Number of protein chains: 2
Amino acid sequence: MNAKGGKVRGRRPGNGSTRDDILVAARGEFEEKGYDSATVRAIAARAEVDPAMIHHFFGNKEKLFLAAVDVPFDPATIAETVTSGRRDQLGERAVRTFLGVWEHQHVRGPLLALLRSAMTNRAAAAMLRQFVTRALLGRVVPALDDLPDAELRAEALVSHLIGMGILRYVVQVEPLASASEDELVALIGPVIQHYISDVEPSDGS
Amino acid sequence: MNAKGGKVRGRRPGNGSTRDDILVAARGEFEEKGYDSATVRAIAARAEVDPAMIHHFFGNKEKLFLAAVDVPFDPATIAETVTSGRRDQLGERAVRTFLGVWEHQHVRGPLLALLRSAMTNRAAAAMLRQFVTRALLGRVVPALDDLPDAELRAEALVSHLIGMGILRYVVQVEPLASASEDELVALIGPVIQHYISDVEPSDGS
DNA sequence: GACATAATTCATCATGTGTTGAATATTGCC
DNA sequence: GGCAATATTCAACACATGATGAATTATGTC
């Protein structure tokens, strides 16, 4: 027994969940503040854990970030969901899938963390760039290779989805933030579809 | 004369440009790092000025931010440029105008600063939300009020432009980052146009 | 039970943060 | 020239940051 205020030292009995608690807390903080603004101490406090535990388990802040922001969905699965099925409904499927990703908390966290961090941190921007380039484009573009400028089109498409995500979930402009999933699918789906339909190339320089 | 290393104290002769130097440096730092990650000391160093000068001239960091990130273009002018002219070319005009804004350095700075800051800072997010809601929608939506869901459409439109800006200028994914202005206008313009053309409302629930 | 290994707390370090106040020099007005 | 106002530097404060090392307690293995 330790009558004084501080907690007792030493290892806790039982099978501790500290490591996982830290990961959960880290995702929360990185999600809300981005890499630079999230602090080791705030993460530790959120996990109700001593800050030193973070270094004990993960070494340093950067390694913790890499461990926490491990995008918890398989890009291949997403890409397959989007690209399989009727081609003329691909736009709607893309919007619906993308919205679905944001609505699931355990996926939205890392995504937000990555987005927020990418805005101010070079390493995180590189991660996001790589993620967009490799995971998304590497899988979706091949399905569209009959179009001219397939890469550019795919990126324009993704840029729309990301912009919508930011305005809806981060900046929270109305009425975008409160619009229903169906509304957005109906509105944005056809527009996304536009990118993968072979419209007239206008003036091919 | 002061033989020692430090600079001489006291006021400098001549009409100093310190205040403006600070503003320029502040825009640079806020632009590159966002509000939270930019530091008073780094701004001072960039302006080649003592950190105390910042508080002397601006009081504190937040007031400096407000003074520095004073969006240097008139939203009314932009809106007029976009909304005047042939309606069926509005999409292309919007894309071209938006790209033009980003290409001018003295405009791109504050915009980037606002965007970066909005990702991690509530006050900045509120500023951006207000900016989007009031400046853009307040002026563009009235010109589109014959469309259903004019507000939502306008925001979807803006979200695409913002997403493109982020992917092109911040994350710098290729080939988006290196695409020419004309390429982007040709590709994205028609899609933006889609939002302001009265397509079939699909299924009005 | 001895003992290596792992988990946990605490104190502390070096550095960086925004901010303040005093000291000093210049300008501009009377 | 006298003197208030302004501009500039320096030193420091109070606090937050990431990180480290020692001390302490539990677990698991032999």
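All values derive from a computational prediction rather than experimental measurement. In the text below, chain A, chain B and the rest are named by the order of the sequence lines, each starting its count at 1.
- Regarding contacts with the backbone of C:dA7, every side-chain N or O of A:T18 stays at 4.0 angstrom or more from both OP1 and OP2.
- Here D:dA19 is the nucleotide among D:dT20, C:dT20, D:dA19 with the atom lying nearest to any side-chain atom of A:N60.
- Residue A:I54 contributes atom CD1, which lies 17 Å from atom C1' of D:dG21 at whole-angstrom precision.
- Atom CD of A:E48 and atom P of C:dA7 are 19 Å apart (whole Å).
- Checking side-chain atoms of B:K61 against main-chain N and O of B:A38 turns up a donor-acceptor pair under 3.5 Å.
- In this structure, B:F65 places its CZ atom 18 Å from P of C:dT17, rounding to the nearest Å.
- Whole-Å rounding puts the B:K61 NZ to D:dA16 C1' distance at 13 Å.
- Nucleotide D:dA7 holds its P atom 9 Å from the CZ atom of B:R19, rounded to whole Å.
- With respect to the salt-bridge test (charged N to carboxylate O, under 4.0 angstrom), the residues A:R116 and A:E31 do not qualify.
- Residue B:F57 places its side chain closer to D:dT8 than to any other of D:dT8, D:dA23, D:dG18.
- Candidate nucleotides D:dT9, D:dT6, C:dT19 were compared by shortest atom distance to the side chain of B:D50, and D:dT9 ranks first.
- The shortest non-hydrogen separation linking A:F57 to A:T18 is CE1-CG2, 3.9 Å.
- For a distance-only test at 3.5 Å, the side chain of B:R41 qualifies as a donor-acceptor partner of the base of C:dG18.
- As judged by a 4.0 angstrom heavy-atom cut-off over every strand, A:A38 is placed among residues touching the sugar-phosphate backbone only.
- With D:dT27, D:dT8, C:dA7 as the candidates, the nucleotide lying closest to the side chain of A:H56 is C:dA7.
- Comparing D:dT9, D:dT20, C:dA7 against the side chain of A:M53 picks out C:dA7 as the nearest.
- Residues forming a salt bridge (Lys or Arg N to Asp or Glu O under 4.0 Å) with A:D182 (at least two apart in sequence, or on another chain): A:R96.
- Between A:E32 and A:R27 there is no salt bridge, since no side-chain N of the basic residue sits under 4.0 Å from a carboxylate O of the acidic one.
- One cannot find a donor-acceptor pair under 3.5 Å joining the base of C:dT24 and the side-chain atoms of B:R9.
- What separates CD1 of B:I22 from P of D:dT8 is a distance of 8 Å, to the nearest Å.
- The nearest whole Å value for the distance from the CD1 atom in A:I43 to the P atom in D:dA16 is 17 Å.
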